[in-house]
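Naming convention: chains lettered A, B, ... in sequence-line order (proteins, then strands); numbering from 1 in each chain.
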Amino acid sequence: MNAQQEIEPYDPSSIESKWQQRWEEQGLYHANVDPDRPKFYALTMLPYPSGELHVGHWYSVTPPDARARFKRMQGFNVMFPMGFDAFGLPAENAAIQRKIHPREWTYGNIDRMREQFRRMGAMIDWRREAVSADPEYFRWTQWFFLKLLEHDLVYRQKAPVDWCPSCNTTLAREQVWGDDRRCERCRTPVIRKELEQWFFRTTRYADELLDFSEIDWPERVRVLQTNWIGRSEGANVVFQTETEDEIEVFTTRPDTLWGATFMVLAPEHPLVPSLTTEDQRDAVETYVLDASRQTAIQRESADREKTGIFTGSYAINPVTDERIPIWIADYVLTSYGTGAIMAVPAHDQRDFEFARKYDLEIRPVIQPVDEPLIDGHQMEFATTHHGTMVHSGPLDGTPANEAVEAAITYLEEKEAGVGAVGYRLRDWLISRQRYWGTPIPVIYCKSCGPVAVPEDELPVELPEDVEWLPTGESPLKLHPSWRFTSCPKCGEEAERETDTMDTFVCSSWYHLRYLSPQYSEGPFDPREYDYWMPVDSYTGGIEHATMHLIYTRFFHKACRDMGIVKGDEPMQQLRNQGLVLGEDSEKMSKSRGNVVAPDELVDRYGADAVRSYLMFFARWDQGGPWSSCGIEGTWRWLKRFWNLVLEPVEESSADSETSRQLRRKVHQTLAQVTHAFESYQFNTIVAALMELMNEMIRARRVGGADKEAWDEAVDIYLRMMAPITPHISEELWQRLGKSGSVHVQSWPEVDELALVEDEITLVVQVNGKVRDRLVMPVSATDDEAKERALQSEGALRFTDGKTIRKVIVVPGRLVNIVAN
RNA sequence: GCGAAAGUGGCGGAAUUGGUAGACGCGCUAGACUUAGGAUCUAGUCCCGUAAUCGGGGUGGGGGUUCGAGUCCCCCCUUUCGCACCA
């Protein structure tokens, strides 16, 4: 009778739900403050409750879950929380389409997704769940707003904003996608609109945000953030106009100031109307109108021929005292610097092209070293290299390395300018003209102006009885009993702010709400904060590199300066997973119909097979196209391992050599798996475990390891696979009569003695090509290795008749014989 | 245009960081077994030549450093991703 037939077949559907329920009852994943144990806060970016968990969610949660479990077995007190980023546009779109309240749609989705997360077998502590649309959550989002307001980190300003005419909302710059500047959600081309908006002063932290020295974040993200912040050093210089106005410009090349032969303002610059002379007025107004009609893509394409128009006015170059004409041109942008530039055509290619076209003076003032004297009339390109200053009055002859500094010093002495730093980063526009968001807790009073809602009146809740009309107006504006109120200061009639906050405000602090989601004395319990923060491991997609990940750092630093949190950074380590594409190698989307639903795979193969396949099928940091066929591989692995472990062991033919080899393989695998977990190389963990299983099957076939070695192999194996495939590991752990849950066991220690090899395979090369392999005792000396290599059959075949020039011995590894 | 990353079998991917290229898996080929399954097991599977032993070639292309290069350096090609008149 075949022993295999007695084994109950591996049936994930019967064991997985059983263990999920039991773990839930036991509170196996509850994480509590415990000062006696080292903590580990593992955080994955919170999902948006769009409806269903797809395979991409599993890809972003399951490997970090496995790593969190690994950390726990290593002795850390691990917190692995989950929540939902529940405000946002899709809920409103769904509300309009389905005629249901956004809350109903959102919370229905959350219920469904929470169940799906349970099926995944993730070690989520659901007691710590936080949902950003809960009043007890956004109460504190509002509280943070008031704190920022108190500390002058919020301001209100009328500003041109990107506006999506379809979603009827303003968009942050990072929410405008593509060369043709379309709305990130509906792809409608964006237009400009002037509105009073609330801003967070992110630029105040620009310099500090450039410092990554305390955090372990990927190079790629650091570069993206650095470019996004876009710091450049230079000077602000003030030019007087002949009409007594002042025009301030920012320049990175103050050393070229003596070559500034004209100025250019952006068409939207506030001084344009007053600077325009009567005879130029028609032409200027036409040009300004034209510029406003241009789409952003037309305006901002760098290879377009430059256009402009003379205002008729002149400014005085503060260092040469010369009259220089003031032009306007659309290549100067209001959104950077001061919206005005000094034009130095000899040393800036854009200014050069403009000057050539409109026949303006080109005056070189920087002479590159070791080159013939340059002449403005004959130049074909601007020279942007640094060099010795010429035609620069008192600074003539200043060498390249001192020129910028000397120019700034000179400007400051003359009080015509100051050294300054410019940034590409803008302040964060947080106002959204939408209903489904955190209401901005401000009341407008005719006599008192904007007044903060008193803290004890928080949260400002959203009215439930709103109408869902696709009119574009926020429903809050159409709700008089909510909108009209009294001033908290003077009691007179007043109006609520009807804008809500960007959802990135909610997600800037959710990691703090997880600490104590029921806490009512503040946004978080300081006791929990002191124990758990900062986040030890933060994982999520690269797409958040310049939005969420800058905002949350800003938020943390601002809170630190307000005395709310401690430490300079919220997330100590960041890692990005790649993107799982559809089987057609395209991005998964409902409209393409290529979304892979994990539920069907779980029904067929079980959560453990899906989890391990997700870790195995690609490098986690790269992702790639999904292939459902491949899951057969991890499915077979689990079935084979199940049978291998449950088959009765025949000890009769055990031999010590097989045992020793098995132990060596077990501990080698353990060392490898431990390292791979630390470095997020999940695919090699599964591969190593498969390899070890193959070795165990082989050991059993050739006669078997002794009971001690075999039991140790199984024990270590179950501990190693527990983080990846929690259900089957737990089931086998129990069936083998081991006590407790496998998930609270300790991570095994590598036995260094077991790793020791007594024989090595020495590779014999002749002129760099492998010609033989010799098995040698580890104790063999270099000379012995060399001798045996020279005498080996494979080597002799290729050294015969040749002179041996050199022999290189790499101890324990190879011998290379150089002969010709 | 500027910047970054990557390029390894039919496919996903390994390679202790300069030392046996292709681990592990999918797929494929052949065979075994059968209570005919969503099977399972065994063997093979980089390319060319060979019955086998064995030999030659091989990590996008070209060159270089080195006893030795997938790995380091230079040039080129391709792909992907950022940024894109940023003063």
Side-chain angles (χ1 to χ4, degrees), chain A residues 2 4-5 9 179 219-221 223-224 226-228 230-232 234 249-253 256 260 264 266 299-304 306 329-333 335-344 347-351 353-354 422-425 542-543 545-546 579 604-605 612-613 616-619 622 624-637 639-640 643 668 671-672 675 681 683-694 697 701 761-773 794 797-798 805-819:
Chain A
N2 189 336
Q4 246 174 326
Q5 285 177 324
D179 289 342
E219 167 83 16
R220 204 169 148 210
V221 174
V223 168
L224 282 168
T226 303
N227 292 343
W228 190 260
R231 183 183 202 274
S232 46
V249 302
F250 174 70
T251 177
T252 55
R253 292 296 303 274
T256 65
V264 189
R299 170 114 182 234
E300 287 181 15
S301 63
D303 45 4
R304 200 169 58 109
K306 308 221 169 342
D330 62 9
Y331 77 92
V332 175
L333 310 171
S335 57
Y336 186 78
T338 61
I341 61 159
M342 64 176 209
V344 185
H347 304 294
D348 182 289
Q349 186 60 25
R350 296 155 300 177
D351 299 345
E353 288 166 23
F354 195 80
Y423 298 96
R424 213 182 78 102
L425 183 75
I542 188 77
E543 69 274 14
T546 52
L579 201 62
R604 193 156 155 186
Y605 300 101
S612 46
Y613 182 58
F616 182 63
F617 93 101
R619 286 180 55 150
Q622 290 195 194
W626 177 263
S627 159
S628 285
C629 315
I631 198 171
E632 293 287 345
T634 51
W635 168 237
R636 279 175 205 149
W637 166 52
K639 280 194 290 188
R640 273 181 210 155
N643 292 334
Q668 279 171 352
Q672 202 183 334
H675 176 257
Q681 292 168 297
N683 54 341
T684 62
I685 297 174
V686 181
L689 289 174
M690 287 173 169
E691 210 179 320
L692 174 56
M693 180 185 70
N694 292 341
I697 291 172
R701 196 189 306 146
T761 302
L762 187 78
V763 171
V764 181
Q765 294 183 337
V766 178
N767 295 330
K769 292 191 175 177
V770 180
R771 298 305 184 185
D772 215 337
R773 290 184 175 86
R797 224 178 11 242
F798 290 87
R805 302 284 171 197
K806 200 171 175 183
V807 180
I808 283 108
V809 180
V810 181
R813 200 162 262 167
L814 67 74
V815 174
N816 189 12
I817 301 162
V818 186

What does A:Q349 touch in the nucleic acid at a heavy-atom separation under 4.0 angstrom: a base, only the sugar-phosphate, or nothing? nothing
Whole-Å distance separating the OH atom of A:Y613 from the C1' atom of B:G13: 11 Å
CG of A:L224 versus P of B:A5: gap in Å, rounded? 12 Å
If you compare every side-chain N and O of A:R619 against the phosphate oxygens of B:A5 (OP1, OP2), does one of them come in below 4.0 Å? no
What is the separation between atom CD on A:E219 and atom P on B:A6, rounded to the nearest whole Å? 11 Å
Provide, to the nearest angstrom, the distance between the CG atom belonging to A:N816 and the P atom belonging to B:G19. 13 Å
With syn defined as a glycosidic angle within 90° of 0 and anti as the rest, where does B:U59 land? anti
With syn defined as a glycosidic angle within 90° of 0 and anti as the rest, where does B:G60 land? anti
Is A:R231 atom CZ crowded by more than 12 heavy atoms from other residues, nucleotides or ligands, each under 6.0 Å away? yes
Are A:L224 and A:I542 close enough that some pair of their side-chain heavy atoms sits under 4.5 Å apart? yes
If only side-chain N and O atoms of A:R350 are considered, is one of them under 4.0 Å from the OP1 or OP2 phosphate oxygen of B:C86? yes
Could you state the NZ-C1' distance from A:K769 to B:U66, rounded to the nearest angstrom? 16 Å
Choose from B:C24, B:C81, B:C67 the nucleotide whose nearest atom is closest to any side-chain atom of A:F616. B:C24
For A:R773, answer base if it contacts any base atom (sugar-phosphate contacts may also be present), sugar-phosphate if it contacts only those atoms, and nothing otherwise; contact means non-hydrogen atoms under 4.0 Å. base
Watson-Crick or G-U counterpart of B:A21, or none if no pair lies under 3.5 Å: none
Have a look at A:R640 and say if it touches a base, only the backbone sugar-phosphate, or nothing, with a 4.0 Å heavy-atom cut-off. sugar-phosphate
Mind checking A:L814 for me? I need base, sugar-phosphate or nothing, with any heavy atom below 4.0 Å counting as a touch. base
Please work out if A:V223 contacts a base, only the sugar-phosphate, or nothing of the nucleic acid, heavy-atom cut-off 4.0 Å. nothing
Could you check whether any side-chain N or O of A:N683 sits under 3.5 Å from a backbone N or O of A:F616, counting only pairs where one atom can act as donor and the other as acceptor? no
Searching all strands shown, indicate the nucleotide that pairs with B:G3 (Watson-Crick or G-U wobble; both distances under 3.5 Å). B:C81
5'-most contact on RNA chain B (nearest-nucleotide basis), A:M693 vs A:D351, goes to A:M693
Please report the distance, rounded to the nearest Å, between CG in A:L579 and C1' in B:C81. 12 Å
Considering only the C1' atoms, how many Å lie between B:G58 and B:C46, rounded to the nearest integer? 8 Å
When you compare B:G60 with B:G70, how far apart are their P atoms, in angstrom units rounded to a whole number? 10 Å
According to the Watson-Crick and G-U wobble definitions, with both distances under 3.5 Å, which nucleotide is paired to B:A32? B:U40
Taking atom C1' in both B:C28 and B:U66, what distance in whole Å separates the two? 40 Å
May I ask you to test the A:M342-A:T256 pair for a side-chain heavy-atom distance under 4.5 Å? yes
B:G57 and B:A4, which share atom name C1', separated by this distance in whole Å: 34 Å
Say we look at B:U79 and B:G25: how far apart would their C1' atoms be, to the nearest angstrom? 26 Å
Using heavy atoms to find the nearest nucleotide of RNA chain B for A:R636 and A:S232 separately, return the residue whose nucleotide is more 5′. A:R636
When you compare the side chain of A:L762 with that of A:V815, does any pair of heavy atoms fall below 4.5 Å? yes
Is there a side-chain polar atom (N or O) of A:N683 under 4.0 Å from OP1 or OP2 of B:G12? no
Once you apply the 3.5 Å cut-off to both distances, tell me the Watson-Crick or G-U wobble partner of B:U59, or none. none
Return the pairing partner of B:C72 with a 3.5 Å limit on both distances, Watson-Crick or G-U wobble; otherwise return none. B:G64
Spacing between A:E632 atom CD and B:C11 atom C1', to the nearest angstrom: 16 Å
Looking at A:K639, does any N or O in its side chain come under 4.0 Å of the phosphate oxygens OP1/OP2 on B:U40? yes
Nucleotide paired to B:U16 in any strand shown, Watson-Crick or G-U, under 3.5 Å: none
Whole-Å C1' distance, B:G13 and B:G7: 14 Å
For A:F798, answer base if it contacts any base atom (sugar-phosphate contacts may also be present), sugar-phosphate if it contacts only those atoms, and nothing otherwise; contact means non-hydrogen atoms under 4.0 Å. sugar-phosphate
Can you tell me if A:N694 touches the phosphate of B:G25, counting only side-chain N or O atoms and a distance under 4.0 Å to OP1 or OP2? yes
Which class fits the ring pair A:W635 and A:Y605: parallel under 30°, tilted 30 to 60°, perpendicular over 60°? perpendicular
Is the terminal nitrogen or CZ of A:R350 (NZ for Lys, CZ for Arg) located under 6.0 angstrom from the six-membered ring centre of A:Y331 and within 45° of that ring's axis? no
In whole angstrom, give me the gap between the C1' atoms of B:U71 and B:G19. 11 Å
Check whether any side-chain N or O of A:R424 sits under 4.0 Å from OP1 or OP2 of B:C83, and answer yes or no. no
Using the C1' atoms only, state how far B:U8 lies from B:A15, rounded to an integer number of Å. 10 Å
Does the side chain of A:M690 come within less than 4.5 Å of A:R640's, by heavy atoms? no
